[in-house]
Trainee: 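Input: one structure, supplied below.
When a residue number appears, it is its place in the shown sequence, counting from 1. Whatever order the structure lists ligands and atoms in, that order sets their numbers, starting from 1.
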Amino acid sequence: MKRLILVFPFIIFFILFSNLLFGGEGMWLPHLLKSLNEKDMQAMGMKMKAEDIYSVNKGSLKDAIVHFGGGCTGEIISDKGLILTNHHCGYGYIQSHSTVEKNLMKEGFWSKGNDTELPCMGLSVTFIVRIEDVTSDMLQGITDDMKDNQRRLLYDQNQNELLKKISKESYQDVMIRGFYHGNQFYAFVTETYKDVRLVGTPPESIGKFGADTDNWIWPRHTGDFSLFRVYASENNLPAEYSKSNKPFKPRHFLPISMSGVAQGDFTMVFGFPGRTNEYLTEEGVRQITEVQNPVRIEIRDKVLKIMDKYMRASEKIKIQYSSSYAGIANSWKKWIGESQGVKFTNGLERKEKWDMEFQKRVDQNLAWEKYRKLIPELKKNYIQLEPLALAKDYYAEAYQRNTQLYNCYIRMKRLADAYEGRGEAVYLQRRTEMSEQAAQMFGNMDMRIEKEIIAATTEIVRKGISTELWMPYLKDRLNEVNSDYIAFAEKLFSSSQFTSPEAIVKLNLLPYADWKLAVQSDPVWKFYEELNYFINYGIQAQATVLEENISDLRRIHMAALLEVFPERRFYPDANSTLRVSYGKVEGFKPRDGIQYQAQTYLDGVMEKYVPGDYEFDVHPKLIKLYSEKDYGRYAENGKMPLAFIGSNHTTGGNSGSPAIDAHGNLIGLNFDRVWEGTMSDVNYDVSICRNIMVDARYILFIVDKFAGAGHIINEMKLVYPKKTSKKNKTPMLIKAS
Ligand code: ARG
Ligand code: ASP
């Protein structure tokens, strides 16, 4: 009886918070699957062992996964280094090979053979060779009372020592990353290949079908994929681009399943999730969703409207701005979904409950006395930081993140720094390069748009920011023009030498001393120098202290959570390192009375079809294939499967990650999350958080039947695994507490 009384509170607690113990939540480290997840994964239907996913001794799934271009994931799907990733991940490169005459974005591209594949300068892919725990080496000499800024010095020292110690080949690199907010460290031995070429991409009307209207939305009908190839040296090692390089021979590549998916099937997603903040306290989440997101959203609302107006009116501007528009719109829409999702699921209350339970436990245990003030201290620091964080967002959104004018300034700044730091010869060389590339530098800019953006964002900043954080220089400039925002922008642009290629070329002919004078008196230069000065000394100087406090407190809070909640399974927040998420194919219920199915079909494309529309037009060839039901071997019961959703925990960076079945075959390509669940970065809730994947069969259908690129299919290995039994059909929908 006594025992029962002791465990009773735990049982209640377990029931109350059980959604955080199981289900699709978690981004797990591949080398720890054996000890932490293997059983769970197998219970959910996985037929593999942990070492089939990650092994140092034999080829395993991880050898087919690459960090693509630093921000996405890709996977190898043939023994000739063929890479599958998202259309939106390769978009910048597809754009760079596009002109008004030969627009690959619009028409698509399918290389006939190796020699017609398109080199993508600057694009690289990275494999993970091995992961090692280096926590004790990294924490060498660090004591509990040390603050983050002191720790950082020691981290650097320890890291330098470690880099000398870790064994690796000359063509490999080592990267060390902190986990659990600085409580654990792992070293990653990596191999980076720099010769990557575009093999194929569907036209935008498929690869970006639904564009921004459908972005983050389920039901979805986007064939968001593209194909690249990794090239290596004669002996299959990393090499700079060279015509003579050979297609890379991988240690493993993913076979592609033709059997499709069914509700309840086991799925895993293997990739490089960028950043999550799952263990924030209530105040931390509130600041993001109720304070920062609304400001960012307001500014981007405006910026996007301006870009859209011009893009709709001109084909040229549409090409110039499509990539940056997509990027800006993407986060804008995600933030809207995130803030709404937290509200809808009572996310703040849920966080508060966790905070209270934490507080209760530490209050009851003398050994945890050191943790008692954590939550109130965090809150105090967050509240003090709030106006500063907000001001930083205002200025960054208004003048840095959403305007290309900032890039012009940054380029000049780098050039000026080159003179100071690396001497005249380097400076002159870079300056010549800049002049040669001047036209290209402005290739994606239209000054009318940039001007209108600056005028509009300045108005928002002026009205939104508190007086004490209002930048004096900007105030003076606005006073000069009687707060006429358009006149302010006009003046900034028209008298600057940074806003046209001709002016830059001319400027760059001056001897250094005159060049420097001219640059320093340029209004754009002055504006950004003043802005940076103000951000650094007027805002950041105060913010740094608080941010460092918060970072210290979060590190201790994380360590405390691991100690205080031994019954919870904690996974480390995403930090752009290789992770495994797993769950099931399953629909969900976004609102009362609505049930989303897990699978969509080509029929949905035709339902959404708006002839001539820039987002929902459909290619005549696709219409023909649809009306003749000409799906080849890729259909299921006479229908063409297109996309599906599952309860795999993913975030930005997971785009392009493979969705893998119980046996290790590719069944889909991850590319998005459902809008209702984008709050998964701060508040995962298995009842509404779903990732979205293109069905592998749709990819094959497009390559084969739409593009007629059967030679690419022939490289792949198509398999027909037996369908998994429907035993796992019960969905794991557990309502958030
Ligand atoms: N929402 C997806 C992700 O976060 C896709 C973004 C690309 N598509 C777009 N229309 N912007 O990356
Ligand atoms: N679309 C995202 C990406 O590009 C994935 C996500 O945020 O779910 O990585």
Trainee: Is there a donor-acceptor contact under 3.5 Å from the side chain of Ser581 to the main chain of His649?
Mentor: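 It does hold such a pair.
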
Trainee: Pick one of side chain, backbone, both or neither for how Lys334 approaches ligand 2, counting any non-hydrogen atom pair under 4.0 Å.
Mentor: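 Neither part.
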
Trainee: Would you call the rings of Phe188 and Tyr186 parallel, tilted or perpendicular if under 30° counts as parallel and over 60° as perpendicular?
Mentor: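 Correct class here is perpendicular.
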
Trainee: Which residue and atom name correspond to the protein heavy atom nearest atom 8 (O) of ligand 2, and how close is it?
Mentor: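 In this structure, atom 8 (O) of ligand 2 has Arg673 NE, 2.8 Å as its nearest protein heavy atom.
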
Trainee: Do Lys334 and Asp672 meet the salt-bridge criterion of a basic N to acidic O distance under 4.0 Å?
Mentor: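 Answer for the salt bridge query: no.
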
Trainee: Looking just at side-chain N and O atoms, do Asn654 and Asn670 make a donor-acceptor pair shorter than 3.5 Å?
Mentor: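 Absent: no donor and acceptor within the cut-off.
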
Trainee: For ligand 2, indicate whether the residue Asn654 contacts it via side chain, backbone, both or neither (heavy-atom separation under 4.0 Å).
Mentor: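 Near ligand 2, Asn654 shows its backbone, while the atoms from C-beta on stay back.
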
Trainee: Among Tyr279, Trp28, Tyr180, find the residue that satisfies the ring-ring contact (aromatic ring centres under 6.0 Å, His included) test when tested with Phe570.
Mentor: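 By the ring-ring contact (aromatic ring centres under 6.0 Å, His included) criterion, Phe570 pairs with just one of Tyr279, Trp28, Tyr180: Tyr279.
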
Trainee: Using a strict 4.0 Å cut-off to heavy atoms of Asp672, name the atoms of ligand 2 that fall inside it.
Mentor: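 Those atoms are 1 (N), 8 (O).
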
Trainee: Could you go through the salt bridge (charged side-chain N to carboxylate O under 4.0 Å, His left out) check for Lys305 and Asp301 one step at a time?
Mentor: CA-CA 6 Å; Lys305 281 206 182 89; Asp301 267 338; 5.1 Å; no

Trainee: Around atom 9 (O) of ligand 2, find the nearest protein heavy atom and jot down its residue, atom name and distance.
Mentor: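 Result: Gly653 N, 2.5 Å.
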
Trainee: Quick check: His97 with Tyr93 (ring centres under 6.0 Å apart)?
Mentor: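 No, they do not, as the ring centres are separated by 6.0 Å or more.
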
Trainee: Just distances here: any N/O of Trp216 and N/O of ligand 2 closer than 3.5 Å?
Mentor: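 Such a contact does not occur with ligand 2.
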
Trainee: Please check if any side-chain donor atom of Thr650 sits under 3.5 Å from a side-chain acceptor atom of Asn648, or the reverse.
Mentor: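 No pair is found: no donor N or O on one side chain lies under 3.5 Å from an acceptor on the other.
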
Trainee: Distances only, to 0.1 Å: what are the N or O pairs between ligand 1 and the protein that fall under 3.5 Å?
Mentor:
unit_1: ligand 1; atom_1: 1 (N); unit_2: Asn215; atom_2: OD1; d: 2.7
unit_1: ligand 1; atom_1: 1 (N); unit_2: Asn330; atom_2: OD1; d: 2.8
unit_1: ligand 1; atom_1: 1 (N); unit_2: Asp672; atom_2: OD1; d: 2.7
unit_1: ligand 1; atom_1: 1 (N); unit_2: Asp672; atom_2: OD2; d: 3.4
unit_1: ligand 1; atom_1: 4 (O); unit_2: Asn330; atom_2: OD1; d: 3.3
unit_1: ligand 1; atom_1: 4 (O); unit_2: Asn330; atom_2: ND2; d: 2.9
unit_1: ligand 1; atom_1: 10 (N); unit_2: Asp212; atom_2: OD1; d: 3.1
unit_1: ligand 1; atom_1: 11 (N); unit_2: Asp212; atom_2: OD1; d: 3.4
unit_1: ligand 1; atom_1: 11 (N); unit_2: Ala326; atom_2: O; d: 3.2
unit_1: ligand 1; atom_1: 12 (O); unit_2: His88; atom_2: NE2; d: 3.1
unit_1: ligand 1; atom_1: 12 (O); unit_2: Asn330; atom_2: ND2; d: 3.4

Trainee: Got an N/O contact under 3.5 Å between Gly652 and ligand 2?
Mentor: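 Such a contact does occur with ligand 2.
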
Trainee: Is it the side chain, the backbone, both or neither of Thr651 that has a heavy atom closer than 4.0 Å to ligand 2?
Mentor: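 It is the backbone that gets close, since no side chain atom is under 4.0 Å.
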
Trainee: Between Met27 and Tyr684, does the side chain to side chain contact (heavy atoms under 4.5 Å, CB included) criterion hold? Intermediate values first, please.
Mentor: CA-CA 11 Å; Met27 300 171 166; Tyr684 187 91; over 6 Å; no

Trainee: Which atoms of ligand 2 are found less than 4.0 Å from any heavy atom of His88?
Mentor: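 Numbered from 1, ligand 2 contributes 1 (N), 3 (C), 4 (O).
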
Trainee: Does ligand 2 have an atom that lies less than 4.0 angstrom from a heavy atom of Cys72?
Mentor: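 Cys72 does not count as a contact of ligand 2 under the 4.0 Å cut-off.
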
Trainee: Decide whether an N or O pair under 3.5 Å exists between Ser655 and ligand 2.
Mentor: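 Yes, Ser655 has an N/O under 3.5 Å of an N/O on ligand 2.
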
Trainee: Would you kindly specify which portion of Phe272 sits under 4.0 Å from ligand 2, judged on non-hydrogen atoms: side chain, backbone, both or neither?
Mentor: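 Contact part for Phe272 vs ligand 2: neither.
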
Trainee: Knowing that exactly one of Asn37, Val580, Asp661 qualifies, which makes a side-chain contact (heavy atoms from CB on, under 4.5 Å) with Met268?
Mentor: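 Exactly one pass, corresponding to Val580.
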
Trainee: So does Glu586 pair up with Arg690, basic N to acidic O under 4.0 Å?
Mentor: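 Looking at Glu586 and Arg690, the cut-off is met.
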
Trainee: Rounded to the nearest 0.5 Å, how far does NZ of Lys621 lie from CD1 of Ile702?
Mentor: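 If we round to the nearest 0.5 Å, Ile702:CD1 and Lys621:NZ are 9.5 Å apart.
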
